[in-house]
Amino acid sequence: MSQKEIEEILMRQLASCLAMPIFIVDPQGTLIFYNEPAEMILGLRFDETGEMPLAEWATVFTPRDQRGTPLPPQDLPLTIAVNGRRPAHGDFYIRGLDLVLRHIEVTAFPLIGQADRNLGAVALFWEVNT
Amino acid sequence: MHVALWGTRGSLGSPGAETARYGGNTSCVEVRGPNGTALVLDAGTGIRRLGAALPRSLRRVDVLLTHLHMDHIQGLGFFAPLYNSEIEVHIWGPASTTLHLRNRLMRYLSPPLFPVRLRELPCQLVLHEVPCGDFDIGEFHISALLIGHPGPTVGYRIATLQATLAYMPDHEPALGVRQFPLSREWTSGYAVAADVDLLIHDAQYSSQEYPSHIGWGHSSLPQALAFAALADVKQFVPFHHDPAHTDEDLDRLIAEATAAVRPVFTVTPGTEGAIFDLGVAEKATHASTAPVRRSLS
């Protein structure tokens with residue numbers, strides 16, 4: 001069995017200790033972890049979803065703008081961070097796996113390790129109370 | 001593969017009657033291959049005696065540094081091959097995100113900390129930055145992977161056709177983990193240690209001491225035993241003993257921790273002078289100048 005990169009491991013451990021919802025993807029955009037606060041917003045425990053390819057997580061939560069227009073995966077902050085290797089921010093609506101519609105804000109940043117290694121990206125997000 | 005422990009203490013050289021049996025020199029391990037290739041793992045104070053014991057015919061030696069904390073490089077300036085113009089000395093170690101390995105080493109090997117500058121060393125010095133993917137030195141195939149410890153730190157996995165060794169003297173895989181260990185995939189250092197014949201691993205603290213040292217980069221002995229079990233190692237050497245632990249303390253801590261989990265692998269406490277010959281009849285013997293090694297199963 002292979003092992004995750006140390007930066008990914010430490011990021012998961014940090015995320016596990018924080019009260020902010022955090023979502024971690026690998027360089028291919030595959031969801032590799034989200035923490036307990038994120039479970040409250042996404043509507044399902046990570047142990048139940050497991051790892052999920054970008055094409056799946058980018059659509060399963062049906063991200064939409066305020067008019068209800070679906071957002072393409074490439075426009076999501078986390079996708080921008082992992083593909084463009086730059087921070088990105090946005091707000092939009094998702095329908096969690098518990099089928100509840102939520103308005104969320106997301107800030108995403110790339111995970112770049114020593115020797116310029118691309119290790120994926122991290123998204124911090126929170127529910128907007130309007 | 002011949003493995004000899006020349007320094008097993010962590011953090012600070014700790015000579016004295018109360019540490020004489022396990023040893024007071026800081027991290028240094030000699031590894032010799034079946035064809036005579038010589039590796040030195042870390043340059044703690046134990047490297048001085050090792051340098052004096054190397055055969056005069058040796059023309060190349062590779063020093064593999066896990067990281068650049070002082071207890072792992074303090075002996076470097078006293079390593080005899082550095083002062084021999086007929087010897088190639090290759091030093092492998094991690095760069096930082098902002099400094100090359102050479103610049104990092106120069107901070108120690110220059111005044112006011114040391115009288116001789118790195119560039120003044122007579123040997124044929126070659127520096128290599130890790131991690132750099134897998135590489136070969138003589139008959140050894142080596143992997144250097146980043147592991148959990150403050151600052152850039154690698155663990156080394158060293159293999160010959162006959163045997164495999166993992167060396168992680170400073171490692172805190174339990175950091176931030178509520179119930180250690182997690183799965184293999186999410187455990188720092190697993191890929192270094194998986195299924196090795198011999199694991200030399202940080203076991204600096206007792207269970208009682210660890211909570212007041214979280215984040216310092218080290219493991220408790222029970223955590224190290226759990227890590228060794230996760231990695232399915234054949235033999236485990238607790239290493240990097242706390243400088244405050246006397247021989248009697250280590251006897252008690254290792255006996256208690258081992259009795260509590262009854263590991264299926266051999267536990268051989270890291271003792272200065274201990275020798276392991278892997279890939280033949282796997283056993284540990286002992287150098288004549290060092291105290292008797294203990295082995296617990």
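Because the structure is predicted, anything quoted here is derived from the model rather than measured.
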_Please identify which of these residues, B/V154, B/L146, B/T153, meets the side-chain contact (heavy atoms from CB on, under 4.5 Å) condition with A/I6._
B/L146

*Got a second to check how far A/E5's CD is from B/S188's OG, nearest 0.5 Å?*
11.0 Å

*Within the distance-only criterion (no hydrogens, no angle test), does the side chain of A/Q13 pair as donor or acceptor with the backbone N or O of B/G176 below 3.5 angstrom?*
no

*Which bit of A/E7 is near chain B, if near means a heavy-atom gap under 4.5 Å: side chain, backbone, both or neither?*
side chain

*Is the NE2 atom of B/H100 crowded by more than 12 outside heavy atoms at less than 6.0 Å?*
no

*Per-residue contacts, residues 207-220 of chain B versus chain A, heavy atoms under 4.5 Å*: none

*asked:* Could you go through B/E185 and A/R12, starting from their C-alpha distance and side-chain angles, then the distance that decides it, and tell me whether this counts as salt bridge (Lys or Arg N to Asp or Glu O under 4.0 Å)?
replied: CA-CA 12 Å; B/E185 185 183 22; A/R12 173 182 172 148; over 6 Å; no

*Could you tell me whether a side-chain N or O of A/Q3 sits under 3.5 Å from a main-chain N or O of B/G189, the two making a donor and an acceptor?*
yes

*More than 12 non-hydrogen atoms from neighbouring residues, nucleotides or ligands closer than 6.0 Å to CD on A/Q66, yes or no?*
no

*Flag the pair B/Y190 / A/I9 as yes when at least one side-chain heavy-atom distance between them is below 4.5 Å, and no otherwise.*
no

*Which region of A/L14, side chain (C-beta onward) or backbone (N, CA, C, O), has a non-hydrogen atom less than 4.5 Å from a non-hydrogen atom of chain B, or is it both or neither?*
neither

_More than 12 heavy atoms of other groups within 6.0 Å of A/R117 CZ_ = yes

_A/R64 atom CZ, neighbour heavy-atom count above 12 within 6.0 Å_ = yes

*Interatomic distance, B/R184 atom CZ to A/S2 atom OG [nearest 0.5 angstrom]*: 12.5 Å

*For B/P94, is it the side chain, the backbone, both or neither that has a heavy atom under 4.5 Å from a heavy atom of chain A?*
neither

*Does any heavy atom of chain A fall under 4.5 Å from the side chain of B/I147, the backbone, both, or neither of them?*
backbone

*Tell me, yes or no, whether the heavy-atom count around A/M40 atom CE, taken from other residues, nucleotides or ligands under 6.0 Å, exceeds 12.*
no

